[in-house]
Amino acid sequence: MTEIIQAVNAFAWGPVMLVLLLGTGIFLSAGLRFATVRKIPVAVGLLLGGRKGTGDGDISPFAALMTSLSATIGTGNIAGVATAIALGGPGALLWMWITALVGMATKYAEAVCAVKFRETDSDGNYSGGPMYYIRNGLHRRWHWLGYAFAIFGSLAGFGIANTVQSNSVSQVLSDSFAVPPLATGLVLMALVGAVVLGGIRRISTVASWLVPFMALSYIIMSLVVLVTHIDHIPHAVGVIVDSAFNGSAAAGGFAGATVMAALRFGVARGIFSNEAGLGSAPIAHAAARTNEPVEQGMIAMLGTFIDTLIVCTMTGLVIVIMEVLPSGESGAVLTSMAFEEAFPGGAYIVTIGLCLFAFTTMIGWSFYGERCVVYLFGTRGILPFRLAWVVAIPVGTIIQLDLVWLIADTLNAFMAIPNLVALLLLSPLVFRLSKEYFSREHK
């Protein structure tokens, strides 16, 4: 069974998927005349002015972004970046940057469609995302894709965003502080349950306070390392660029990496980190209080910018500058080693960051899964889903999750396919809405 799932996973995240993800981002970027890059200052202004929001919706535009960031800023920013560099060489970081730049257009289009085609459920709460813009924006012959997305989305979160996260936290706390895994699981269950059972408003409130705090704290700690090693930054950037186009030579425990490995792991880990194209983030943005899809799209694209071009870059630069790659380590261990080399106690910063990032991922993704369940079964499925989500957390700390991780990772790929197909089919609408909005703003 494991071998079959591994084969399916290798195909699901193989060259075809990576080309589809990158190709969609490039196509949307070109169709938007690279407005997603040009309009970054405008998007920042909208974000800072979006504390309350005006229009229909459940939460503010700012809270919607923080909710989506709570799900995307996770172990991928600490462990995922390190894995990409360990397997693909320093050049993988350059491909993560490129993936993020084109991924901003994908995230923008997702949010535009999410706000344009959202609905209210029987409780009066807003629901949106790929399943809704497939149903409300495309011909009925495509509607089966909406159900496919909802099924994959409701199941995938229990793996990568729930049990895998609690398992990662329990392992790092056990290694660092000898905390029993089950104790970690029970505490996490209580904390996550207190937030999740309160619905999107409580999730967004917690995310609006916690996400900026944890992201800024991690960035500041990373900047301390970069500033104290500022003379090494030009060389590190040179190594990253050279490795991306020429590969990495073997050194010590590091086996060396080809250009193709840098490309493959950079793109794959970049998508894993910022989720551009997976269709998860627009579920949160659909709940924003706004009547302007384009404005929420610009706010949404900042999620990819912050996640990959800022937070992931910090992790990657620290790893390259501290020259820990020859150790042969990977994942969170490699990141911990880099920060420990930089200053005493640096490993504890990574430990705390990993715990906070995992916690926010669990609360953010719970909302994604819940909205998928609402699409499939209506509001009667909300409470059973929330209870199942909370109960699964301690289970993840006491079982082996290799197979669970593999299945969930595969389901993530299957989520992306219906979403990307819908975005390509709806791209003329996205281009038209964008052109009309920017024309009005220009006047």
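All values below were derived from every heavy atom in this structure, side-chain atoms included, with hydrogens, water molecules and symmetry-related copies excluded. In this chain, numbering begins with 1 at the start of the sequence shown.
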With a 3.5 Å distance limit and no angle check, can you tell me whether [X] reaches the backbone of [Y] through a side-chain donor-acceptor pair?
| X | Y | value |
| --- | --- | --- |
| Asn419 | Pro130 | no |
| Ser366 | Ile363 | yes |
| Thr304 | Met104 | no |
| Thr315 | Asn77 | yes |
| Thr335 | Ile78 | yes |
| Arg386 | Gly198 | no |
| Ser273 | Gly270 | no |
| Ser154 | Ile151 | yes |
| Thr163 | Gly396 | no |

[X]: partners by side chain to side chain donor-acceptor pair (under 3.5 Å), with sequence neighbours left out:
| X | value |
| --- | --- |
| Thr67 | none |
| Asn167 | Gln171 |
| Asp121 | Arg371 |

Any side-chain heavy-atom pair of [X] and [Y] under 4.5 Å:
| X | Y | value |
| --- | --- | --- |
| Ser327 | Leu334 | yes |
| Ser222 | Leu317 | no |
| Glu292 | Val115 | no |
| Val318 | His229 | no |
| Ile134 | Leu426 | no |

Item checked: Verdict with supporting geometry, Met214 and Phe359, side chain to side chain contact (heavy atoms under 4.5 Å, CB included) -> CA-CA 11 Å; Met214 71 179 192; Phe359 172 75; over 6 Å; no

Notebook entry, point to check: By ring pair (Phe, Tyr, Trp, His ring centres under 6.0 Å), which residues pair with Phe377, not counting sequence neighbours?
Noted result: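 Partners of Phe377 under the ring pair (Phe, Tyr, Trp, His ring centres under 6.0 Å) test: none.
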
Checklist line | Glu295: which of Leu47, Leu46, Val112 passes side chain to side chain contact (heavy atoms under 4.5 Å, CB included) | finding: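 Single side chain to side chain contact (heavy atoms under 4.5 Å, CB included) partner of Glu295 among Leu47, Leu46, Val112: Leu46.
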
Next item on the list: State which residue, out of Thr351, Ile352, Val350, fulfils the side chain to side chain contact (heavy atoms under 4.5 Å, CB included) condition with Val172.
Entry: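 Testing each of Thr351, Ile352, Val350 against Val172, the sole residue satisfying side chain to side chain contact (heavy atoms under 4.5 Å, CB included) is Thr351.
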
Next item on the list: Search all heavy atoms of Pro282 against all heavy atoms of Ala111 and return the closest pair with its distance.
Entry: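 Of all heavy-atom pairs spanning Pro282 and Ala111, the closest is CB-N, 4.3 Å.
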
Item checked: Smallest separation among heavy atoms of Ser68 and Ala281, with atom names ->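 Closest approach of Ser68 to Ala281, heavy atoms only: CB-CB, 4.0 Å.
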
Checklist line | Close aromatic pair by centroid cut-off 6.0 Å: Phe149 and Tyr132 | finding: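 No, the ring centres sit 6.0 Å or more apart.
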
Item checked: Validation row, ring centre Tyr368 to ring centre Trp365 under 6.0 Å ->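 Yes; Trp365 has its ring centre under 6.0 Å from that of Tyr368.
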
What distance do [X] atom [atom1] and [Y] atom [atom2] have between them, rounded to the nearest 0.5 Å?
| X | Y | atom1 | atom2 | answer |
| --- | --- | --- | --- | --- |
| Thr308 | Asn274 | OG1 | CG | 3.5 Å |
| Ile271 | Leu21 | CD1 | CG | 4.5 Å |
| Ile283 | Cys372 | CD1 | SG | 4.5 Å |
| Ile306 | Ile73 | CD1 | CD1 | 7.0 Å |

Check: Do we see a donor-acceptor contact under 3.5 Å between the side chains of Thr24 and Thr106?
Finding: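 There is no such pair between these side chains.
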
Margin query: Under 3.5 Å, is there a donor on one side chain and an acceptor on the other for Thr313 and Trp97?
Written below: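 Yes, Trp97 and Thr313 have a side-chain donor paired with an acceptor closer than 3.5 Å.
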
Check: With Glu340, which residues qualify under side-chain contact (heavy atoms from CB on, under 4.5 Å), at least two apart?
Finding: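 With sequence neighbours excluded, Glu340 shows a side-chain contact (heavy atoms from CB on, under 4.5 Å) to Ala347, given in chain and number order.
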
Item checked: For Thr72, all residues meeting side-chain contact (heavy atoms from CB on, under 4.5 Å), sequence neighbours excluded ->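 side-chain contact (heavy atoms from CB on, under 4.5 Å) check on Thr72 returns Leu69, Glu275, Asp307.
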
Item checked: Member of Lys107, Glu110, Arg118, Gln296 meeting the side-chain hydrogen bond (donor to acceptor under 3.5 Å, both in side chains) criterion with His285 ->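 It is Gln296; the other options fail the test.
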
Next item on the list: May I ask you to check whether over 12 heavy atoms, not counting those of Phe343, lie within 6.0 Å of atom CZ?
Entry: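 Counting neighbours around CZ of Phe343, more than 12 heavy atoms of other residues, nucleotides or ligands fall under 6.0 Å, so yes.
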
Margin query: Are more than 12 heavy atoms, taken from residues, nucleotides or ligands other than Gln6, located less than 6.0 Å from that residue's CD atom?
Written below: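 For Gln6, atom CD is crowded (more than 12 foreign heavy atoms under 6.0 Å).
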
Item checked: Mutual orientation of the aromatic rings belonging to Phe158 and Phe385 [parallel < 30°, tilted 30-60°, perpendicular > 60°] ->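 It falls in the perpendicular class, over 60°.
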
Next item on the list: Would you please classify the geometry between the Tyr147 ring and the Tyr375 ring as parallel, tilted or perpendicular, with 30° and 60° separating the classes?
Entry: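 Geometry flag for Tyr147 against Tyr375: tilted rings.
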
Checklist line | Step-by-step side chain to side chain contact (heavy atoms under 4.5 Å, CB included) determination, Val192 to Trp389 | finding: CA-CA 9 Å; Val192 173; Trp389 185 267; 4.3 Å; yes

